[in-house]
Amino acid sequence: MAILWVVQKMSLRRIYNLDEVDRFILGTVGQPGEREFYIQVKKAGQVFSFALEKAQAQALTDRFKEMLREVKSSEGAAPRDNEALDMPIDSEFTLGVMALTWQIDSQMIRFEGQAITGDQGEEVIFDELASDETEGAPAILRIRITPSQARSFIDRASSVIKAGRPPCMFCGAPINPDGHICPRMN
């Protein structure tokens with residue numbers, strides 16, 4: 001089973017350990033300006049979706065690029081995955097804190113993404129990854145991907161992110177189809 005459930009002092013922490021996945025992509029649902037971003041992971045026929053913000057998707061893409069440059073990985077990209085997200089999209093949780101680690105022994109990248117938690121509509125964000133022993137720790141996603149899967153993620157994510165609303169040349173804010181009020185234009 002791809003999901004490991006850990007019992008902690010009368011509370012459950014969902015841990016998604018998904019090593020050597022078949023698919024790791026970024027995709028969106030909705031129209032520019034109203035898009036919802038998802039990381040979708042597929043392993044052994046099971047599909048898992050995790051919501052995140054556009055800024056997080058951009059930061060993750062940038063960090064993958066930086067990491068691959070730092071480790072000087074020469075492994076080429078996997079074939080580009082242009083297929084749509086698998087439906088239906090039921091997000092397991094919304095990603096908060098994320099971390100990437102280069103694993104020297106396996107020459108793979110470990111991605112960890114921790115859930116944003118909250119009660120009664122209030123979001124609680126842990127500002128660092130909680131250990132598995134932390135009481136009440138939020139759900140966490142742990143996967144390992146190859147450098148070629150990371151390159152494929154970068155290619156697709158870059159296209160997905162750019163497919164949104166164009167930025168204003170003066171203030172950088174996104175321009176809606178009906179225009180926008182630019183604070184820098186008089």
Side-chain angles (χ1 to χ4, degrees), residues 1-29 35-68 70-71 81 85-154 156-157 160-161:
M1 181 174 198
I3 301 174
L4 171 66
W5 296 90
V6 177
V7 179
Q8 300 178 325
K9 298 181 187 175
M10 307 220 336
S11 67
L12 291 176
R13 180 179 195 188
R14 290 181 296 158
I15 299 176
Y16 296 78
N17 284 323
L18 305 171
D19 284 348
E20 300 177 26
V21 299
D22 303 320
R23 189 177 197 208
F24 176 69
I25 63 167
L26 177 74
T28 61
V29 174
R35 296 186 300 170
E36 296 175 358
F37 286 75
Y38 295 95
I39 287 179
Q40 200 166 72
V41 181
K42 190 173 191 175
K43 180 178 173 125
Q46 289 184 291
V47 177
F48 303 91
S49 299
F50 303 89
L52 73 162
E53 295 294 324
K54 180 180 180 180
Q56 289 175 294
Q58 182 65 60
L60 182 60
T61 303
D62 293 344
R63 184 62 186 121
F64 271 131
K65 287 178 190 175
E66 185 179 324
M67 179 177 277
L68 291 174
E70 287 174 6
V71 299
D81 184 343
L85 293 172
D86 288 320
M87 296 295 184
I89 298 175
D90 294 320
S91 181
E92 304 294 331
F93 57 80
T94 300
L95 293 166
V97 177
M98 295 182 286
L100 293 178
T101 309
W102 176 254
Q103 296 184 314
I104 295 171
D105 57 336
S106 64
Q107 298 290 293
M108 294 183 79
I109 298 169
R110 181 179 172 124
F111 169 82
E112 293 183 303
Q114 189 168 264
I116 294 174
T117 63
D119 296 325
Q120 299 171 343
E122 290 184 31
E123 289 181 346
V124 177
I125 302 172
F126 282 62
D127 58 0
E128 58 186 51
L129 291 174
S131 75
D132 290 347
E133 291 77 36
T134 302
E135 185 161 346
I140 190 164
L141 165 65
R142 293 183 179 130
I143 64 171
R144 287 185 336 144
I145 61 169
T146 65
S148 66
Q149 286 175 310
R151 280 194 179 80
S152 181
F153 179 91
I154 291 166
R156 180 181 172 122
V160 167
I161 292 166

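We count residues from 1, following the sequence as given.
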S.K.: On a heavy-atom basis, which atom in Ala51 and which in Ser91 lie closest, and how many Å separate them?
M.R.: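 Minimum heavy-atom separation between Ala51 and Ser91: N-OG, 3.1 Å.
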S.K.: May I ask you to decide whether Asp22 forms a salt bridge with Lys42, counting only side-chain N to carboxylate O separations under 4.0 Å?
M.R.: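 Not counted as a salt bridge, because no side-chain N and carboxylate O are separated by less than 4.0 Å.
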S.K.: Run the side chain to side chain contact (heavy atoms under 4.5 Å, CB included) test on Ile25 and Val160 for me, step by step, so that the C-alpha distance in whole Å, both residues' side-chain angles and the decisive distance to 0.1 Å come before the verdict.
M.R.: CA-CA 10 Å; Ile25 63 167; Val160 167; over 6 Å; no
S.K.: When Glu20 is tested against each of Arg144, Gln149, Lys43 for side-chain hydrogen bond (donor to acceptor under 3.5 Å, both in side chains), which residue passes?
M.R.: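 Passing option: Arg144.
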S.K.: For a 4.5 angstrom cut-off between non-hydrogen side-chain atoms, does Asp19 reach Met108?
M.R.: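 No; the side chains remain at least 4.5 Å from each other.
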S.K.: I need the minimum non-hydrogen distance between Ile89 and Leu85, along with the two atoms involved.
M.R.: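 In terms of heavy atoms, the two residues are closest at CD1-CD1, 3.4 Å.
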S.K.: Examine distances only and state if a side-chain atom of Arg156 and a backbone atom of Asp81 form a donor-acceptor pair shorter than 3.5 Å.
M.R.: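 Judged by distance alone, yes, a pair lies under 3.5 Å.
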S.K.: Could you tell me the separation between the CD atom of Glu36 and the CD atom of Glu53, rounded to the nearest 0.5 Å?
M.R.: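 Nearest 0.5 Å value for the CD-CD distance: 9.5 Å.
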S.K.: Considering only heavy atoms from C-beta outward, does the side chain of Ile39 approach that of Phe111 to under 4.5 Å?
M.R.: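 In contact.
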S.K.: At what distance, to the nearest 0.5 angstrom, does CG of Leu100 lie from CE of Met67?
M.R.: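 Answer for the CG-CE pair, Leu100 versus Met67, is 5.0 Å.
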S.K.: Between CD of Glu112 and CZ of Arg142, what distance do you get to the nearest 0.5 Å?
M.R.: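 With rounding to 0.5 Å, CD (Glu112) is 5.0 Å from CZ (Arg142).
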S.K.: Is any side-chain heavy atom of Val71 closer than 4.5 Å to one of Gln107?
M.R.: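 No, side chains not in contact.
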S.K.: Please name all residues satisfying side chain to side chain donor-acceptor pair (under 3.5 Å) with Asp86, sequence neighbours left out, ordered by chain then number.
M.R.: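 Checked Asp86 against side chain to side chain donor-acceptor pair (under 3.5 Å); matches are Arg23.
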S.K.: Locate the shortest heavy-atom distance separating Ala150 from Leu68; write the atom from each residue and the value.
M.R.: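 Here Ala150 and Leu68 meet closest at CB-CD1, 4.0 Å.
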S.K.: Less than 4.5 Å apart, any side-chain heavy atom of Ile109 and any of Trp102?
M.R.: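 Of all side-chain heavy-atom pairs linking Trp102 with Ile109, at least one is under 4.5 Å.
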S.K.: So Phe153 and Leu60, do their side chains get closer than 4.5 Å, heavy atoms only?
M.R.: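 Touching, per the 4.5 Å side-chain cut-off.
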S.K.: Give, for atom CD of Gln56 and atom CZ of Phe50, the distance between the pair rounded to the nearest 0.5 Å.
M.R.: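 Going from the CD atom of Gln56 to the CZ atom of Phe50 covers 13.5 Å.
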S.K.: Hey, does Leu26 have a side-chain heavy atom less than 4.5 Å from the side chain of Leu52?
M.R.: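 Yes, side chains in contact.
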S.K.: Testing the basics here: between Ala115 and Pro138, what is the closest heavy-atom pair and its distance to 0.1 Å?
M.R.: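 Scanning both residues completely, I find the closest heavy atoms to be O-CB, 3.3 Å.
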S.K.: Distance from Glu92 atom CD to Arg14 atom CZ, nearest 0.5 Å?
M.R.: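 Glu92 CD to Arg14 CZ: 6.5 Å, rounded to 0.5 Å.
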S.K.: Which heavy-atom pair separates Lys65 from Ile154 by the least distance, and what is that distance?
M.R.: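 What the structure gives for the nearest pair is CE-CG2, 3.5 Å.
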S.K.: If you measure from CG on Leu141 to CZ on Phe48, what distance do you get to the nearest 0.5 Å?
M.R.: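 So the CG of Leu141 and the CZ of Phe48 are separated by 9.5 Å.
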S.K.: Between the side chain of Thr61 and the main-chain N/O of Ala157, is any donor-acceptor distance below 3.5 Å?
M.R.: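 Pair absent, no side-chain N/O of Thr61 close to backbone of Ala157.
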S.K.: Looking only at heavy atoms, which two atoms of Phe93 and Ile140 are closest? And how far apart?
M.R.: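 Between these two residues, the closest heavy atoms are CZ-C, 3.9 Å.
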